[in-house]
Amino acid sequence: MEIQALHYIILSAILFGIGLIGIFINRKNLIVLLMAIELLLLSVNINFVTFSSYSNNLHGQVFVFFILTVAAAEAAIGLALLVILFRKTRKIEADDLTILKG
Amino acid sequence: MDISIASMLFYIFSGLLCISALQVILAKNPVHAVLFLILCFAASSALFIIQGAEFLGLMLILVYVGAVMVLFLFVVMMLDIKHMLAIKRTALQYMFLLFTIGGILIAQIIYILFKSNLATPSHLSSLHNVNVLSSNIESGINYTNQISNTKALGKLIFTEYLFAFEIVGFILLVAIIIAVTLTLRTRKDNKAIDVSSQININAKDRVILVDSKISKISKISNTPNITTSH
């Protein structure tokens, strides 16, 4: 059975769903939350590469390149924020982020 | 068996990807979650290579597994794992509800995909005949078959997307600066010298000439003894 674009897109949809469920399950643990966001971005990348390769058009792969760099920057800044949060409160639970009352 | 090697590899790696993604969100120990996320990226880079995007597949391993995931691992190990293990998970009944809702979501997406004309395989291959932005899209088409993927991608990035590429480099620079300035802290026993305060000092503030016997003696011998007060 030939693998078509549909297979990859279904895989990407499943991965997106898993990432979304992960955000809801681990909503207290900030570090696993970041990892779930990485999963969501990965599923978007799979979609981009699939459409790019099955329609013989390289523009999609350029955008995967851009998404990867932005995701790397986002991970670096998020982890830096987590580190200073941990230094301040000794915890990394989302429920403890009640410094801003509003 | 009419299963080709490519489709067999697709099923192996996509199964690996789904299982490891599930482990990422279900693992109790965050270190295990990071390791399964590395497995996720490795599997998806294999999928990229199967699809012919070799450069992106290799970059996913080099940049993501090599740099970003190691950063994750460092931070997770630096933080208090014992405390993170104690974070209460979502209760089991809610977990069941969540997985039901997530399953419904995925099923909806797949249903829509099957109803769409993506399910007919001829549609995608004729996609490049439908030119939405005709001149812009056509420039990316003819690359794919003649030269290697990396070369074609490089040609596209350094010609059409040059400005966007520069902006991406600038975003990375900003990310470096933000990450460093956020986490930098000066230790109390730090003996490094503040350069600006050192330049802005006057000799009068630093040196006090005290009149004493020894200074008188040294004045005679023409070498002024300087007592510094800090």
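Please read these numbers as outputs of a predicted model, since none were measured by experiment. Numbers restart at 1 for each chain; the letters A, B, ... are given by sequence-line order, proteins then strands.
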Would you call [X] and [Y] a side-chain contact if the rule is heavy atoms closer than 4.5 Å?
{"X": "Tyr161(B)", "Y": "His59(A)", "value": "yes"}
{"X": "Leu68(A)", "Y": "Val63(B)", "value": "no"}
{"X": "Leu22(B)", "Y": "Ile21(A)", "value": "no"}

Inset, instruction - Evaluate the criterion side-chain contact (heavy atoms from CB on, under 4.5 Å) for residue pair Ile106(B) and Ile10(A); output intermediate values, then yes/no. - result: CA-CA 9 Å; Ile106(B) 294 171; Ile10(A) 288 173; over 6 Å; no

Would you mind checking which part of [X] comes under 4.5 Å of any heavy atom in chain B, side chain (CB onward), backbone (N, CA, C, O), both or neither?
{"X": "Ile84(A)", "value": "side chain"}
{"X": "Phe63(A)", "value": "side chain"}
{"X": "Ile18(A)", "value": "both"}
{"X": "Leu20(A)", "value": "side chain"}
{"X": "Phe16(A)", "value": "neither"}
{"X": "Val32(A)", "value": "side chain"}
{"X": "Leu11(A)", "value": "side chain"}

Inset, instruction - Mind telling me whether Phe165(B) and Phe65(A) have parallel, tilted or perpendicular rings, with 30° and 60° as the class edges? - result: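 Parallel.
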
Legend entry - Centroid separation Tyr94(B) to Phe24(A) less than 6.0 Å: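 Between Tyr94(B) and Phe24(A), the centre distance exceeds or equals 6.0 Å.
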
Legend entry - Under 4.5 Å from a heavy atom of chain A, the part of Val34(B) involved: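 Both parts, backbone and side chain.
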
Inset, instruction - Let me know if Ile178(B) has heavy atoms under 4.5 Å from chain A in its side chain, its backbone, both or neither. - result: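 Only the side chain of Ile178(B) comes within 4.5 Å of chain A.
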
Legend entry - Candidate pair Gln61(A) and Phe48(B), rule side-chain contact (heavy atoms from CB on, under 4.5 Å), full reasoning: CA-CA 10 Å; Gln61(A) 297 188 20; Phe48(B) 283 4; over 6 Å; no

